[in-house]
Asks: 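Once you've had a glance at the structure underneath, I'll fire off some questions.
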Amino acid sequence: YDVLLIADEVVCGFGRTGNWFGSHTFGIEPDIITFAKGLSSGYLPVAGLAVHDRLARQILEDGGEWVHGFTYSGHPTCCAVARENLRILTEERLVERVRDDIGPYFQAGLASLADHPLVGEVRGVGLLGAVELVEDKSSHQSFSADKAVGRICREHALKRGLIIRAVRDSNVSAPPFIISHDEVDLLVSRWRDSLDATLKDVSRT
């Protein structure tokens, strides 16, 4: 449709979905890909922009030069860490592990939470997962915003040593590529306990 397609791969790039980029997982071919923390596994700040040949050629043909840059572009320390991170991801086959082993195990664990009275939907891919909380399971009716149910569940999780993020009434998780099966089991168990505690809270209001 001649629409410029930009894929934000800051979270799902570099193996998170079980392929090097989420675009690969979903079979899309963007014109531009933005990426960041996955490049260094978050150890140092580094980011990048990948531009498809078809777009780069047009920019160069029309403008003759593509002038761009930031003060800290190509910082040698950050780039060295990124190179080492990519070496480890490749040599230890961590992206393949996400795709073939721990990703499916994590998704199956999260799916087991779907029977909880508060859970309207569980969704995810690879080592990305979200659990959406609803007031009425049969109708998928959301909670009113003032109840802040996602944040309530997050706080219960933090008390149990589980770090999840509240995004409206969904709680999301993106565990490290080296998480073990036992650790996934513990994550799911603590998540269920947090859901139980949240259910008690919202039942009292």
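All figures in this text were calculated on a predicted structure; none of them were measured in a lab.
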Asks: Quick check: closest heavy atoms across Lys137 and Ala114, and the distance to 0.1 Å?
Replies: NZ-O, 2.7 Å
Asks: Measure across Val46 and Cys78 and return the closest heavy-atom pair with its distance rounded to 0.1 Å.
Replies: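 Answer, listing the atom of Val46 first, then Cys78: CB-CB, 4.2 Å.
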Asks: Is Ile59 reachable from Ile6 through a run of I, L, V, M, F, W or Y residues, each pair having side-chain heavy atoms under 4.5 Å apart?
Replies: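 Looking at the clustering, Ile59 is in the same group as Ile6.
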Asks: Should Glu29 and Arg54 count as an ion pair when the cut-off is N to O under 4.0 Å?
Replies: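 A salt bridge links Glu29 with Arg54.
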Asks: Between Leu49 and Phe35, does a side chain to side chain contact (heavy atoms under 4.5 Å, CB included) hold up when you go through it step by step?
Replies: CA-CA 6 Å; Leu49 180 75; Phe35 53 86; 5.7 Å; no
Asks: Would you say Pro175 and Ser173 make side-chain contact, with heavy atoms under 4.5 Å?
Replies: yes
Asks: On a heavy-atom basis, which atom in Ala130 and which in Leu110 lie closest, and how many Å separate them?
Replies: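 Distance-wise, the nearest heavy atoms are N-CD1, 4.3 Å.
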Asks: If you apply the rule salt bridge (Lys or Arg N to Asp or Glu O under 4.0 Å), what do you find for Arg87 with Glu91, and how did you get there?
Replies: CA-CA 6 Å; Arg87 183 192 67 77; Glu91 290 186 5; 2.7 Å; yes
Asks: Would you indicate whether the side-chain heavy atoms of Lys147 and Ser144 approach each other to under 4.5 Å?
Replies: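 They are in side-chain contact.
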Asks: About how many Å separate CZ of Phe106 and CD of Glu183, when rounded to the nearest 0.5 Å?
Replies: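 With rounding to 0.5 Å, CD (Glu183) is 12.5 Å from CZ (Phe106).
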Asks: What distance separates Leu39 CG from Leu44 CG, expressed to the nearest 0.5 Å?
Replies: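 Leu39 CG to Leu44 CG: 11.0 Å, rounded to 0.5 Å.
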Asks: Output yes when a side-chain donor or acceptor of Glu121 lies under 3.5 Å from a complementary backbone atom of His140, and no otherwise.
Replies: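 Side chain of Glu121 to backbone of His140, a donor-acceptor pair under 3.5 Å: no, none is there.
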Asks: For a 4.5 angstrom cut-off between non-hydrogen side-chain atoms, does Gln141 reach Val134?
Replies: no
Asks: Can you confirm whether Leu118 sits close enough to Val131 that some side-chain heavy atom of one is under 4.5 Å from a side-chain heavy atom of the other?
Replies: no
Asks: Grouping I, L, V, M, F, W and Y whenever their side-chain heavy atoms are under 4.5 Å apart, do Val81 and Leu94 come out in a common cluster?
Replies: no
Asks: Is it the case that Ser40 and Asn85 place a side-chain donor and acceptor less than 3.5 Å from each other?
Replies: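 Asn85 and Ser40 do not have a side-chain donor-acceptor pair below 3.5 Å.
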Asks: Find the distance between CZ (Arg160) and OG (Ser189) and round it off to the nearest 0.5 Å.
Replies: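 Reported value, rounded in 0.5 Å steps: 10.0 Å.
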Asks: What do the steps show when you test Asn171 against Arg154 for side chain to side chain contact (heavy atoms under 4.5 Å, CB included), and what is the final call?
Replies: CA-CA 7 Å; Asn171 293 123; Arg154 179 197 64 197; 4.2 Å; yes
Asks: Salt-bridged, Asp115 to Arg192, with N to O below 4.0 Å?
Replies: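 Arg192 and Asp115: salt-bridged.
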Asks: Can you confirm whether more than 12 heavy atoms, excluding those of Gln58, are under 6.0 Å from its CD atom?
Replies: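 No.
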Asks: Which value, rounded to the nearest 0.5 Å, describes the distance between Ile102 atom CD1 and Ser180 atom OG?
Replies: 6.5 Å
Asks: Determine whether Ile28 and Phe21 fall in the same hydrophobic cluster, where Ile, Leu, Val, Met, Phe, Trp and Tyr are linked whenever their side-chain heavy atoms lie under 4.5 Å apart.
Replies: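 No; tracing contacts between hydrophobic side chains, which count when under 4.5 Å, never links both residues.
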Asks: Give the minimum heavy-atom separation between Pro30 and Ile33, together with the two atoms involved.
Replies: CG-CG1, 3.5 Å
Asks: So, taking the atom named CG in Leu89 and the one named CZ in Phe177, what distance separates them when rounded to the nearest 0.5 Å?
Replies: 6.5 Å
Asks: Using only atom types and a distance under 3.5 Å, with no angle test, would you say the side chain of Asp136 pairs donor to acceptor with the backbone of Ser138?
Replies: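 Confirmed, Asp136 side chain pairs with Ser138 backbone.
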Asks: Indicate the atoms forming the closest heavy-atom contact of Cys153 with Ile164, along with that distance.
Replies: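 Here Cys153 and Ile164 meet closest at O-CD1, 4.4 Å.
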Asks: For Tyr105 and Asp100, test the side chains for any donor-to-acceptor distance below 3.5 angstrom and give the result as yes or no.
Replies: no
Asks: Do Val125 and Thr25 come close enough that some side-chain heavy atom pair is under 4.5 Å?
Replies: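 Yes; the side chains approach each other to less than 4.5 Å.
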Asks: So with a 6.0 Å cut-off around CD1 of Ile178, is the heavy-atom count from everything else above 12?
Replies: no
Asks: Are Val98 and Arg16 side-chain neighbours, meaning at least one heavy-atom pair lies under 4.5 Å?
Replies: no
Asks: Hydrophobic clusters here meaning ILVMFWY residues chained together by side-chain heavy-atom distances under 4.5 Å, can you tell me if Trp191 and Val119 are in one?
Replies: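 Per the 4.5 Å side-chain linkage, Trp191 and Val119 are co-clustered.
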Asks: Within the 3.5 Å criterion, strictly below it, is a donor on Ser170 or Arg123 matched to an acceptor on the partner's side chain?
Replies: yes
Asks: Determine whether Val202 and Glu135 make a side-chain contact, defined as any pair of heavy atoms from C-beta on separated by less than 4.5 Å.
Replies: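 Sidechains of Glu135 and Val202: no contact.
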Asks: So which heavy atom on Val149 is nearest to which on Thr198, and how close?
Replies: CG1-CG2, 3.9 Å
Asks: Enter the distance from Ser194:OG to His156:NE2 here, rounded to the nearest 0.5 Å.
Replies: 7.5 Å
Asks: Assigning hydrophobic clusters by single linkage (Ile, Leu, Val, Met, Phe, Trp, Tyr; side-chain heavy-atom cutoff under 4.5 Å), is Phe143 placed with Val122?
Replies: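 Looking at the clustering, Val122 is in the same group as Phe143.
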Asks: May I ask you to check whether over 12 heavy atoms, not counting those of Asp146, lie within 6.0 Å of atom CG?
Replies: yes
Asks: Assess whether a salt bridge exists between Arg97 and Glu92, defined as any Lys/Arg side-chain N lying under 4.0 Å from an Asp/Glu carboxylate O.
Replies: no
Asks: Where do Ser203 and Lys200 land on the side chain to side chain contact (heavy atoms under 4.5 Å, CB included) test, with the steps shown first?
Replies: CA-CA 5 Å; Ser203 297; Lys200 289 179 182 178; 5.8 Å; no
Asks: Are there over 12 heavy-atom neighbours, none belonging to Ile163, within less than 6.0 Å of that residue's CD1?
Replies: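 12 or below, so no.
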Asks: Heavy-atom distance under 4.5 Å between the side chains of Glu132 and Arg168, does that happen here?
Replies: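 No, too far: nothing below the 4.5 Å cut-off.
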